[in-house]
Amino acid sequence: MFGGNAAMAFRTLEINLDSVIRSPRQHRGGLEAYVHRPEFRHVLYSVPWKYSTCYMASKNFLALKNVAESMDIENDPYVLFLRGTLAKTPPGPERTRLDQKLSKTILKTNSYTHKGIKDLYSAAHDICYDLGPWAADWYIQRVVEFALENASPYSDITTAWQSREKAYLIDHLKRIDITPVSCEPEAIENGISDKLRVLLRTLEEEKERAESFNELYSGILFVTRRDAVLALAAVLEYHPRMSDQESFRVGCLLGSSDSSHRTSFLDITRKIPRQPQAETLDEFRSGEKNLIIATAVAEEGLDIQACGNVIRWDAPSNMASWAQSRGRARRKRSTFVLMFEGGIDDAHIAQFEQLERDMVALYDTERKAIKRPPPVPSETDDEFEVCEFKVESTGALLTLQAAVSHLNHFCSVLPNSRHTSLVPLYDIDPPDLPEGWHEGQQGIPAYQGPFGCTLTLPKVLPRELRVYTVERKYPSKRLAYQHVAFQAYLELYKTGLLNDHLLPLTSVVEPKLEEEIKNMLKDIEKRDGTASVTSQLNPWLPSSDQEDWWSTEIAVEGLPSLTLLTRIKIPALGADELPTRGETWSRKSVPLVPEDLTAAQESTRRLFWSLYGSRMQWPRLDFAYLFTLNTDPDAGTWLPRRSWAMKREETAGAERVHFVNAEAFASEHGYPTDLTWVREGRFFGKLYRFVGWHHEKLTEEEEAEICARPMYSRFEEVRVTYPLLAVELLPQRSNFLLPLPTSNATPKQLFLLAKYPSVELLSPAECEYSQIIPSILRRLETAMIVRSLRTTLFPRAPLAKIPSPFLTTAVTAPVSEDPTNYQRLETLGDAVLKFIVALNLIATKPFWHEGYLTRRKDHVVANSSLAKEAIRRSTFRWIIRTRFSPRRFKPLYLTLEQPIVAPADPVEEANEANDEPVVGGGKTRKEVEELSTKMLADVVESLIGAAYLHGGFDLGVSCAQLFGLGLEWRALPECVEMALSRVEHTDQVSTQLNNVELMLGYTFRKKLLLVESLTHASYQYDDRTVSYERMEFLGDALLDMIVADFLYKYPGKTYPPHDIHIRKSAVVNTHFLAYICLRTSIDVDASMPGPNPRGKIVMQSKTNTIHLFQCLQHSSSVILEDQKLTSHRYDKVKDEIEAALTTGEVFPWAALTRLQAPKIFSDMIESLIGAVYLDSRGDMDTVKTLLWKLGVLTHLDRIIRDDVHVLHPVSRLSVWAARQQKEIKYAYTEGKGKVICTINVEGRDPVSAHAQKRGHASQEEARFAAAEKAISVWQVVEEGRRSRSGEDLEGVSSQKMRL
């Protein structure tokens, strides 16, 4: 890093980082009090042997050498594979690459197996020279044993197609004649190097020195090579001077990197240490271990507390390594020891100390910011090396030197899978080796230039952006690479795949607002939050101070009509908006005279008081709505009774005119039988329905029971007098918008003493209206809110024609507890939105790969984005979220008890600025409230769902367009035509693709759509299309949409969102779609002429089965191997899966998981769905026919009809455990090539199941199988299973209110 010149290194760092290097200024004294500079020491060792002959004393190395020298590259499985592939590859760029790869593999002998043996050979040779022959023998023995003990110990490092190479390598490891190492003290002592003896002596001295200060020894030994760490640890473990437990307790740190790109055989040494790194560090900190042997991983980045001794086995390669390793010795009286080979003088050692002093002086000095000096022209610069592109708005600069690394980074962030590496392919012109060199293997002709180059980018990009060529004119290969990379990267920027910082788009939303979008995306990842909004629209409050009253007549079957007086005009409501059967109409009236107004107010109070008076004040009459009965048939009876009561109670509280003592009333009016309600005591005691007068004497026991009731406990000498009041309890006041529950139970009749209860002065009609008016008001309020929404948010056709029941459902939140809410519509609208967004992106972003498309779609449909648009359009004003409960009903008054000054509504101000009409008049009772962003987002999606239900996708797009969501919306037919316009017409497709058409039962018009849907990114032989990822992106959204729609509209079923979700998940998950792909096949005639038993040539009948997955176009042997393995697993479980899907009661989750199918199988199904949709010009019926043909809808239909249990077994078990209030624990063990999952629940016997070990997927398979087994063994039953049919909650065919 420093190159011997600290000042120059500092200058370079500061320029590159645009920074200034300084040491800490604050709390420096405290820092220095706890950090101590170690004492520097060095030790010398001698090397008595030569590198070339040191191995002669190592028997295991000699055995390894014999095997290595016997290997022939021509017999290597990789070379044989390349030769076989080359023979089948047609002429073209891919054949040229294969030819070069084969020639270079033979030339360099760097196949996986040859390189593995060579790496082991080189590592053992270095260990033998550095540590001695005993260490080399131990290392070879341990590595070979570890490889042979594990059938595939490095399967997580290398790809699956290398299984033959692994077997070939293991076979050669078995040929190594291993001599077991001796652990006798004499053998170890005679077999180690002088350097190792010096190390042992130094460790003993350092330990003795620490103990002389009454301190425990703790040290770190830094080693460059990973294999040397293992060998050193073994020597310290077995050497007699070190093996004492009271001496050194050793741990190893090798780093935790587990990159999937590593393919070296010796990477298995990372698995040799038994103890995880975290445990080693914890034990070192606690003192259980006092010596750590570590690679550079411990120099920086790990939290290792200061120790007393640091030893460098290898000299530090630069000043940074010196400073970082030495800095680990920060304890008082600590030491830092370097080991040097004999012959190193003090002057050389002093160089490190001088460099450190220079560095300290530099960062202790106050330094000013460094200005970037102008580039100094190089004498070698020429016309080919000067090439730059600058984005003026940001200053971002693309140089020739940076183009290759930038392009590598761009490809590294493309959507990827393990089946192919998405990297730029550079084909140098001319090739490094002559074509066919691997056949003759002659000398390599010298070529000095000029060079050209062809660059091919991954197939996930459109072909217009995939291939770039520079002609053969550059003096070096490096320049050819740089120029073609520069050209490609510049084109990617011009096409919009890079932002103005010349980096891959991170938000793919609006490149000009990159930073703002990044922040917005962070919000999307958070849990649902809240937004401050104004409260729900209150349609009853007038918008002006004018005292006009509007009259609305309400007709209820079986009751006299009711006049509703309001300060606002109730709009003319359609039949689907009315709260009752009949009609409502409004007319403007003259201002009410005081007498009429007072009469209406008193009538309203009378209707409300019996049931809701406890939340009212008797003097207040300024109701927002007034009610009067028209032609009450019992008015002539009850008006005199009220007049009598007023005269009788004129000295009592004014409230008493609403009720009167029952005994006095009966005495005055002759025990009338038309009473309605009787109240226990006065004021707001329990209310009963009057049944009649009871004159017959009761038994003594019955009379005693009456007198003992709590209601009479405050009276003295309670006596039973006749007649008694026969009454029944009023039923619980219910929401009359909901269907009344049916009950066959006979109401219990009670007897009350007439002396104590009160009689409510209400006629039968008034009692009926008293109960149903809150429900009428709620329905009218809802209808007016929806009407306001329609005229304000959807003022123009066709959105304005969405039926009111749909809109009512769409804006009603579950918290309102209304008969209908938006949850089902939101589930449908979510699927509709995702699909129309996906199709719009496919049409308008032809150059975007699947990664950009997915991120953009996720942003559009994210709750934060939808909530933002809902707030912008003031949608929250119309969300019906106030809970309606008649038991808690309180009438609305026009005036508040205390004036409240409402804050300015920011939304209304925004509307004024945008010329948007402001909805609602007057102030709300609560001006600002916190509303869940999820609720806001859900309402947007439910409105889209309502639009789709009424007018299909065209209306759904119109609704989405209303909210904007950052897209330039186009109708779906236009999107389809835009996508098709970029597809060339061709009839040149392979026969196997024609077979796919037969499997699907669909013939493509645009054959290239079929080609694209079956082309993997690894396929290099057809440049007419991109790979299938874009089509899979569309098909995924389309499949979700169709399945959600199918479940939503299924006849006789009204699934709640949870049930829609779990059923949809059953048929759109990766495992199920992989099964569909595996079972889809066709039989083709393969008859061939051949001799019969008599020797005559005849046509011999034969049929071949071609499977859909075999028609995937790819160039990956990894995929080929995966297809074989998955097909083999499918053959084992297909009957079990088919039986469960056709006749089983439980969905076969575990059996499907046992397929262990890679994602490419499900991707094929989804990409074909997308291709058929586009090719059929957006014909949904054609796509549904395809899904019936494939079996997706067939199995879904059966799941619905037979009510199959589809809840995931792990989820079912979790739900059951939660209801049992028990904790469920999953434990995993491995052994004999299996993964075993054991489920433990308190009070139950453990249940275990296993799966063959094949990586993480095997753990998932074992968990599913164990869960299913536990459900069976423990007899888990789904308690309270939801109704699968339900009632029609959407209100489209809503039943009439029972009033």
Side-chain angles (χ1 to χ4, degrees), residues 55 58-85 101-128 136-180 225-227 230-231 254 258-273 418 421 438 1116-1118 1120-1122 1124-1125 1233 1252-1255:
Y55 61 82
S58 172
K59 294 180 180 180
N60 286 345
F61 186 87
L62 290 173
L64 171 61
K65 185 173 183 291
N66 290 334
V67 172
E69 291 175 349
S70 68
M71 296 180 71
D72 183 0
I73 190 66
E74 287 292 344
N75 296 327
D76 190 284
Y78 183 57
V79 172
L80 296 176
F81 166 76
L82 289 176
R83 287 195 185 279
T85 306
K101 186 181 294 185
L102 175 58
S103 294
K104 291 178 180 179
T105 300
I106 293 174
L107 176 64
K108 300 177 181 179
T109 63
N110 65 345
S111 66
Y112 175 78
T113 52
H114 276 69
K115 185 176 184 298
I117 295 295
K118 285 196 299 184
D119 288 347
L120 178 59
Y121 181 94
S122 298
H125 198 168
D126 291 341
I127 289 173
C128 188
D137 283 341
W138 177 89
Y139 178 76
I140 295 171
Q141 176 183 331
R142 187 69 189 98
V143 170
V144 172
E145 286 178 350
F146 189 76
L148 298 180
E149 285 169 3
N150 297 270
S152 183
Y154 34 90
S155 59
D156 58 340
I157 302 170
T158 56
T159 51
W161 70 271
Q162 291 172 327
S163 56
R164 285 175 294 179
E165 293 182 78
K166 293 174 186 176
Y168 182 73
L169 177 59
I170 294 297
D171 179 61
H172 280 79
L173 292 176
K174 289 179 179 179
R175 298 180 190 178
I176 301 174
D177 186 13
I178 297 294
T179 301
R225 295 175 59 96
R226 183 174 62 211
D227 42 41
L230 300 173
L254 299 179
D258 198 24
S259 171
S260 60
H261 296 291
R262 293 187 175 187
T263 56
S264 169
F265 164 66
L266 287 188
D267 281 336
I268 66 169
T269 58
R270 289 180 294 133
K271 306 290 184 180
I272 291 178
R418 71 181 187 88
S421 296
H438 49 82
S1116 170
S1117 51
V1118 182
L1120 191 62
E1121 185 74 11
D1122 275 349
K1124 291 178 181 177
L1125 294 174
Q1252 295 298 316
K1253 184 180 178 182
R1254 290 186 296 271

Exercise. Is there a donor-acceptor contact under 3.5 Å from the side chain of N60 to the main chain of T179?
Worked result: yes
Problem set entry | S122 (side chain) donor-acceptor with D119 (main chain) under 3.5 angstrom | no
Any heavy-atom pair between the side chains of [Y] and [X] that's under 4.5 Å?
X    : Y    : result
D126 : R225 : yes
V79  : I106 : yes
Y168 : P77  : yes
E74  : R83  : yes
L173 : I117 : yes
K104 : N110 : no
M71  : T109 : no

Exercise. Once the angle between the rings of H125 and Y55 is folded into 0 to 90°, is it parallel (under 30°), tilted (30 to 60°) or perpendicular (over 60°)?
Worked result: perpendicular
Looking only at non-hydrogen atoms, find the nearest pair between [X] and [Y] and report the distance.
X    : Y    : answer
I127 : A136 : CG2-N, 3.7 Å
E165 : D76  : OE1-OD1, 4.2 Å
T105 : Y78  : OG1-CE2, 3.7 Å

For this session: Using salt bridge (Lys or Arg N to Asp or Glu O under 4.0 Å) as the criterion, list what pairs up with K108, not counting sequence neighbours.
Result: none
Rounded to the nearest 0.5 Å, what separation is found between the [atom1] atom of [X] and the [atom2] atom of [Y]?
X    : Y    : atom1 : atom2 : result
E69  : Y121 : CD    : OH    : 6.0 Å
L102 : L107 : CG    : CG    : 11.0 Å
I73  : H114 : CD1   : NE2   : 4.0 Å
L120 : L64  : CG    : CG    : 5.0 Å

Seminar exercise, completed: Per side-chain contact (heavy atoms from CB on, under 4.5 Å), T113 is matched among L169, D171, I170, N75 by L169
Exercise. Taking everything shown except K101 itself, do over 12 heavy atoms lie less than 6.0 Å from its NZ?
Worked result: no
